[in-house]
Student: 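The structure that follows is given in the form of structure tokens.
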Amino acid sequence: MPFDHVTAPLPSDDEEIRRALEHAEIAALLPALAYTTGDLSLLRDDLRVDAALSLLPGAGLSDEKLAEARSIAFDALRRFRDGGHQMAPPPNQQQLRQMLEFVVGTAEVSDDYLPLFQEELGIPGEDLRAPGWRAEEIAGPRAEDLTVAVIGAGMSGLLAAYRLQQAGIQYVVLEKNEDVGGTWLENTYPGCRVDVPNHFYSYSFAQRDDWPQYFSSQDVLLDYFRRCADEFGVRPNIRFRTEVASAEWDEERSVWILHLITPEGDQTLEANAVISAVGQLNRPSYPDIPGRESFAGPSFHSARWDHDVELRGKRVAVIGTGASAAQFIPPVAEVAGELLVFQRTPPWLVPTPEYYQDVPDEVNWLFRHIPTYAQWYRFWLFWRNAEGMLPLVKVDPTWTSQESVSSQNEMLRQFLALYLTEQFGDRPDLLEKVMPHYPPGAKRVIRDDGIWARTLKRDNVRLIVESITEITPQGIRTADGTEHNVDVIIYGTGFQASKFLTPMKVVGRGGVDLHERWHGDARAYLGIMVPSFPNLFLLYGPNTNIVINGSIIFFSECEVRYVLGCLRLLLEGGYQSLDCRPEVHDEYNCRIDEGNLQMSWGVATVNSWYRNEYGRSAQNWPFGLLEYWQQTREPDPADYVWR
Ligand code: NAP
């Protein structure tokens, strides 16, 4: 298995252990020790974190309680070491539940989480989402007849390739770029980094115990995905600089015919199944502002950063204050002569002191020396950043405020508003501009360690909130009539997220064109299957994005397992194709739409890429990660027409 993780024996130096324990997360540490030693008395009620305070350091535990927790952890570790590192037998379900309850603190947690939890833990380092079967065992020589084309070698395409390889299914990956990495290859803007903690934003089966930072920068992530491609052994099956222009289903022969644009000229390729792994956020969206083409100076989009354009000493305009702009504005401010930030809607900021911090050696020590700590830590992140946050963005239909959607959401709003007030308290002029007036969760929340306030308060930075009316050859004109002359314009204006699979042409059964079918309102069953498009599987398709910071990698792992399950059924049954039943697809989408209307992003009347031109949320998954995991564990054959 790649990135094999071996726990090192504990050292004889007690001080070394104590030093490392100072850096441990108690909510992950004590369950790890209970698991390792079998001593469940470590999971004391008075040492459980307060779920409502999970965003604060210590999560509600006093300094005395934290010290007590570290002290009992130290004693347990010393006993474990001195007893010869004997692992306790694996816990039973009831014991595991106790551990799970400890991780989530005071929150309620249902038994349904147990199997997911066991799989996420993957103890002892097993890859429980791997197919666990080989095509030739299932279908004998017929396995040779199944070929799969994967479009894209980004995070999800590499994962699909690896799983196909594990299952012994013939595949090829078609990648338009000259290397793997997808979004982490294409986005090279200064300051680019992930905003989901890396110990969670990484493949469950390819964990690192040496991430240099909690939130890695783009180069580190690109390196991770390159290394994965190498260690998975999938590189030889990737055709780089090969773009899929179109895919057409041939009903007679049950194959997809792909038209490729390659350095050697246009080609065709046939495959029985196609997995689209083209991503949602890679086609830049430029604003429809009059005069945009007239600007005389250089201009570019954040995802197409022009590194040849010198920004040092220049007057630079940035349009947008979303997740991308919030990352590149601080480094640009450091070099620009003057920086004008054009903000339409202010983002909420979530305090994240460790956002730019290195992972201390002591934390990596914990991963290496305490059995299962890395897995518990990962599950703690899963809970703290995703599942545990969901209730905070759920709509209470009786709630009447426009600025929050429920009492819990209001609490979160006040917490975030207080943070902004602290950050900008000395600049009331700025505070007024940066304070959002929409519910948290309606847009992506930006991680911040104070850098946003430091940047906007700089002498060379101006935050402009008047709306833009025109772009002129010299700069940007705003509604108050001012023309702001600038040398360079940078668009941090996001992506055409609702145009799934464009610009590819996809033609399914009976000549139906996917984009005509969707008409700008993309839908799929589980985000994966579209009726009349047999054997076409979408990864990161409609309604599989998450607003509260779950990891898209978690979704991809669920999707890819489901796809492999479908391929297995094809092989087992000797079928040539599977096609999603329209009624299954439609009923599912009704549930999704209802679900999204109960979430902050589904109801708030604020601009966001989370809704398409019809106002429908075609991007987001409205439920917990648990529900998606449950629904994609294995396909139900009754959902499909098999031929
Ligand atoms: P975005 O969230 O869509 O932000 C676009 C920004 O441009 C918004 O501030 C938007 O204002 C503004 N804008 C758009 N059209 C405009 C116009 N005509 N006039 C003025 N302002 C305009 O795009 P993004 O920042 O690239 O982020 C997209 C998504 O990518 C994120 O939500 C996240 O999922 C992902 N992402 C992740 C990371 C990470 O992990 N670190 C980093 C970057 C991006 P309004 O708010 O008023 O629409």
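Throughout, residue positions are numbered sequentially from 1 according to the sequence presented. The figures here come from the full heavy-atom set of this structure, side chains too, leaving out hydrogens, waters and symmetry mates. Because the structure is predicted, anything quoted here is derived from the model rather than measured. In each ligand, atom 1 is the first atom listed, and ligand 1 is the first ligand listed.
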Student: With heavy atoms of Lys443 as the reference, note each atom of ligand 1 found under 4.0 Å away.
Tutor: 45 (P), 46 (O), 48 (O)
Student: Could you tell me whether Tyr189 approaches ligand 1 through its side chain, its backbone, both or neither, with non-hydrogen atoms closer than 4.0 Å?
Tutor: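 The part of Tyr189 near ligand 1 is the side chain, not the backbone.
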Student: Quick check: Thr321 and ligand 1, any N/O pair under 3.5 Å apart?
Tutor: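 Between Thr321 and ligand 1 (N or O atoms, distance only) the closest approach is under 3.5 Å.
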Student: In terms of atom number and element, which parts of ligand 1 are under 4.0 angstrom from non-hydrogen atoms of Pro287?
Tutor: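 Matching atoms, with element in brackets: 17 (C), 18 (N).
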Student: Can you tell me if CG on Asp288 sees more than 12 non-hydrogen neighbours from other groups inside 6.0 Å?
Tutor: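 Atom CG in Asp288 is not crowded, with 12 or fewer foreign heavy atoms closer than 6.0 Å.
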Student: Would you please indicate if the ring centroids of Tyr203 and Tyr162 are separated by under 6.0 Å?
Tutor: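 No.
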Student: Is the contact between Phe495 and ligand 1 made by the side chain, the backbone, both, or neither, using heavy atoms and a 4.0 Å cut-off?
Tutor: side chain
Student: Go through ligand 1 atom by atom and flag the ones less than 4.0 Å from a non-hydrogen atom of Gln327.
Tutor: 41 (N), 42 (C)
Student: Provide, to 0.1 Å, the distance between atom 3 (O) of ligand 1 and the closest protein heavy atom, together with that atom's residue and name.
Tutor: Trp609 CD1, 3.3 Å
Student: List every atom of ligand 1 that sits less than 4.0 Å from any heavy atom of Asp195, numbering the atoms from 1 in the order shown and giving each element.
Tutor: 39 (C), 40 (O), 41 (N)
Student: Could you identify the single nearest non-hydrogen protein atom to atom 23 (O) of ligand 1 and state the distance to 0.1 Å?
Tutor: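 It is Gly494 CA, 3.1 Å.
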Student: If we only count N/O pairs under 3.5 Å, is Trp184 in contact with ligand 1?
Tutor: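 Between Trp184 and ligand 1, no N or O pair is found under 3.5 Å apart.
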Student: Around atom 33 (C) of ligand 1, find the nearest protein heavy atom and jot down its residue, atom name and distance.
Tutor: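 Looking at atom 33 (C) of ligand 1, the protein heavy atom closest to it is Arg444 NE, 4.0 Å.
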Student: For ligand 1, does Leu281 get within less than 4.0 Å through its side chain, its backbone, both, or neither, judged by non-hydrogen atoms?
Tutor: side chain
Student: Are Trp376 and Phe379 an aromatic pair, judged by ring center distance below 6.0 Å?
Tutor: no
Student: Between Trp305 (side chain only) and Phe300 (backbone N and O only), is there a donor and an acceptor less than 3.5 Å apart?
Tutor: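 No, Trp305 side chain to Phe300 backbone: no donor-acceptor pair under 3.5 Å.
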Student: Kindly identify the option in Ser217, Ala323, Ser285 whose heavy atom sits closest to atom 36 (N) of ligand 1.
Tutor: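 Of the listed residues, Ala323 has the closest heavy atom.
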Student: Identify, by atom number and element, the atoms of ligand 1 in contact range of Ser324, meaning under 4.0 Å from any of its heavy atoms.
Tutor: 24 (P), 25 (O), 26 (O), 27 (O), 43 (C), 44 (C)
Student: Do other residues, nucleotides or ligands put more than 12 heavy atoms under 6.0 Å from Gln630 CD?
Tutor: yes
Student: Relative to ligand 1, is Arg193 under 4.0 angstrom through side chain, backbone, both or neither, heavy atoms considered?
Tutor: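 Near ligand 1, Arg193 shows its backbone, while the atoms from C-beta on stay back.
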Student: Quick check: does Ile468 get an N/O under 3.5 Å from an N/O on ligand 1?
Tutor: no
Student: Going by the order shown, which atoms of ligand 1 are within less than 4.0 Å of some heavy atom of Gly320?
Tutor: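 Checking each atom against Gly320, I get 6 (C), 7 (O), 9 (O), 12 (C).
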Student: Heavy-atom count around His307 NE2 within 6.0 Å, excluding the residue itself: above 12?
Tutor: yes
Student: Does Pro287 offer a backbone N or O that forms a donor-acceptor pair with the side chain of Arg292 under 3.5 Å?
Tutor: yes
Student: Note the single closest protein heavy atom to atom 15 (N) of ligand 1, along with its residue, its atom name and the distance in Å.
Tutor: Arg344 NH2, 3.5 Å
Student: Would you please indicate if the ring centroids of His301 and Tyr189 are separated by under 6.0 Å?
Tutor: no
Student: When Asn545 is tested against each of Trp621, Tyr540, Trp601, Trp609 for side-chain hydrogen bond (donor to acceptor under 3.5 Å, both in side chains), which residue passes?
Tutor: Tyr540
Student: Counting heavy atoms only, which of Ser608, Gly322, Gly492 comes nearest to atom 7 (O) of ligand 1?
Tutor: Gly492
Student: Any salt bridge linking Glu310 with Lys314? Criterion: basic side-chain nitrogen under 4.0 Å from a carboxylate oxygen.
Tutor: no
Student: Identify whether the distance between the nearest side-chain nitrogen and carboxylate oxygen of Arg304 and Asp306 falls below 4.0 Å.
Tutor: no
Student: Can you figure out which of Thr183, Thr345, Val196, Thr493 has its heavy atom closest to atom 13 (N) of ligand 1?
Tutor: Thr493
Student: Show me which atoms of ligand 1 lie under 4.0 Å from any heavy atom of Ile319.
Tutor: 20 (C), 21 (N)
Student: Answer yes if the ring centres of Tyr224 and Trp211 are under 6.0 angstrom apart, and no otherwise.
Tutor: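 Aromatic pair counts; centres sit under 6.0 Å.
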Student: Are a donor atom and an acceptor atom from the side chains of Asn177 and Glu186 found within less than 3.5 Å of each other?
Tutor: yes
Student: I'd like to check which ligand 1 atoms, numbered from 1 as shown, lie under 4.0 Å from a non-hydrogen atom of Val194.
Tutor: 40 (O), 41 (N)
